[in-house]
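Read the structure below first, then the notes.
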Amino acid sequence: MTTRSAPVTGERRQLINVAYRMLGSLADAEDAVQEAYARWYAMPADRREAVVSPGAWLTTVVSRVCLNHLRSARARREHYVGQWLPEPLADPAERTAARTPGIASDPADLITLDESVGMAFLVVLDSMSPAQRVAFVLHDVFRYPFPEVAGIVGRTPAACRRLASTARRAIRTAQETAATSTAQDAVVVRDLKRAWETNDVDALIRLLDPEVTAVGDGGVVRTLEHPLRGSEPIARGLLRFGPRQSGQKLLERTVNGRPGLVGCQDGTVVTVYSFGVSDHRVRHLWAMRNPEKLRSWATAPAA
């Protein structure tokens with residue numbers, strides 16, 4: 001029988017989901033959740049018994065840990081290679097098919113794939129202030145009432161309502177430029193893969209929006225130092241580091257719930273590509289090469 005002093009294991013899934021959306025990093029989300037559980041079990045048994053809702057208590061602690069992490073993240077990224085991007089997530093079914101027998105599951109398996117983990121969504125979240133991000137995720141994604149959000153963020157309910165409203169407008173603006181179906185995205189990504197593999201620069205340019213942007217996240221490995229803009233320079237840049245030149249094999253895979261690509265070399269995933277598609281063209285290209293963010297993709301799935 002489960003008691004209030006022993007939160008059910010199922011709480012961990014909810015906590016990982018909250019923390020990943022706040023931080024955009026599985027490793028950091030896992031650390032935040034571990035910290036919350038450590039604080040829970042460090043409390044005397046009588047104090048744990050007095051907690052009416054262990055799940056709510058743990059969510060509050062996780063959220064505060066995430067808030068502190070976000071406040072210090074900018075300084076930690078000063079020497080980062082490329083632009084910091086959220087950690088990419090694979091589709092659970094694809095991960096299961098690729099996993100080596102006997103290897104334990106990953107925190108990524110606990111993430112529920114919905115629009116709130118789309119790469120475009122998370123990139124917009126990352127542009128917000130820490131308080132905006134936490135208030136928006138708690139209220140708009142997980143439906144926490146503003147009085148509870150206020151206790152976590154350290155603002156008044158009215159201030160939290162304003163924070164969430166500002167964040168909501170930013171998300172709405174981003175979604176208006178990316179209102180395509182998964183099936184439409186898949187066609188565009190497949191065509192781009194074909195053009196890339198055959199070094200067809202004209203086809204690549206046609207598939208890229210004239211104002212397309214490309215962002216690379218290397219962390220500790222080589223990638224774009226600054227965002228690149230424009231269909232022609234990005235198309236030619238893709239060909240310079242394309243499958244034929246690099247020896248990578250491109251595979252179509254689901255990335256954060258949307259069609260994407262993975263670049264594999266010697267059986268290992270070395271790059272994960274995510275795309276923002278609008279009006280049948282790629283408007284945003286995000287390339288994640290940071291090995292720390294590709295740990296859950298380490299083994300290349302079968303073609």
Side-chain angles (χ1 to χ4, degrees), residues 1-74 76 86-87 89 92 104-117 121-122 125-126 128-168 171 296:
M1 183 171 109
T2 300
T3 67
R4 286 185 304 197
S5 63
V8 293
T9 305
E11 298 287 356
R12 184 168 177 265
R13 174 182 290 275
Q14 172 78 351
L15 297 172
I16 289 287
N17 272 273
V18 169
Y20 173 76
R21 286 161 175 80
M22 289 184 181
L23 301 177
S25 163
L26 278 171
D28 292 340
E30 179 79 354
D31 288 346
V33 172
Q34 289 298 105
E35 173 67 17
Y37 273 110
R39 294 185 190 184
W40 171 264
Y41 288 110
M43 286 196 303
D46 59 336
R47 286 187 58 192
R48 292 200 301 269
E49 286 291 344
V51 176
V52 175
S53 173
W57 188 94
L58 287 166
T59 300
T60 295
V61 174
V62 164
S63 299
R64 288 174 177 164
V65 171
C66 290
L67 186 60
N68 290 336
H69 182 95
L70 289 169
R71 285 169 173 163
S72 63
R74 304 293 182 199
R76 293 198 307 273
E87 183 172 344
L89 298 174
S105 62
D106 189 273
D109 297 324
L110 302 179
I111 302 292
T112 301
L113 296 181
D114 57 29
E115 66 175 11
S116 67
V117 296
F121 192 99
L122 292 175
L125 283 182
D126 194 59
M128 299 175 185
S129 71
Q132 274 183 328
R133 185 168 186 169
V134 171
F136 176 82
V137 168
L138 286 174
H139 180 267
D140 282 51
V141 178
F142 292 98
R143 303 304 177 190
Y144 276 72
F146 281 119
E148 290 185 27
V149 176
I152 293 170
V153 177
R155 307 280 184 94
T156 65
C160 289
R161 188 174 288 106
R162 288 192 294 271
L163 288 171
S165 177
T166 301
R168 198 177 303 123
I171 291 292
S296 62

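Computation of the quantities below employed the complete heavy-atom set of this structure, encompassing side-chain atoms and omitting hydrogens, waters and symmetry-equivalent molecules.
- Side chain of Arg155 to main chain of Cys160: no donor-acceptor pair is present (N/O by atom type, distance under 3.5 Å, no hydrogens or angles).
- Contact of the Arg161 side chain with the Thr156 side chain is not registered, since no non-hydrogen atoms from C-beta on lie closer than 4.5 Å.
- Counting heavy atoms from C-beta outward, Arg39 and Trp57 have side chains that approach closer than 4.5 Å.
- In terms of heavy atoms, Ile111 sits closest to Leu89 at CG2-CD1, 3.4 Å.
- A donor-acceptor contact closer than 3.5 angstrom links the side chains of Asn17 and Arg21.
- Every residue meeting the side chain to side chain donor-acceptor pair (under 3.5 Å) condition with Glu30, not counting sequence neighbours, appears here in chain and number order: Arg12.
- Across Ala108 and Leu26, no two heavy atoms sit closer than the pair CB-CD1, 3.5 Å.
- No donor-acceptor pair closer than 3.5 Å links the side chain of Tyr20 to the backbone N or O of Leu110.
- Using a 4.5 Å heavy-atom threshold, the side chains of Leu125 and Phe121 count as touching.
- A donor atom on one side chain and an acceptor atom on the other are found under 3.5 Å apart for Asp114 and Ser116.
- Just one of Leu138, Val65, Val62 meets the side-chain contact (heavy atoms from CB on, under 4.5 Å) condition when paired with Met22; it is Leu138.
- Here the closest non-hydrogen pair linking Ala135 and Val153 is N-CG2, 4.4 Å.
- Within the 4.5 Å cutoff, side-chain heavy atoms of Leu67 are placed close to those of Arg71.
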Solution key, residues 143-151 side-chain donor-acceptor pairs under 3.5 Å, sequence neighbours excluded:
unit_1: Arg143; atom_1: NH1; unit_2: Asp140; atom_2: O; d: 3.4
unit_1: Tyr144; atom_1: OH; unit_2: Thr59; atom_2: OG1; d: 3.3

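- Between Ala29 and Leu23 the shortest heavy-atom distance is N-CD1, 3.9 Å.
- Within 6.0 Å of CZ in Arg47 there are 12 or fewer heavy atoms belonging to other residues, nucleotides or ligands.
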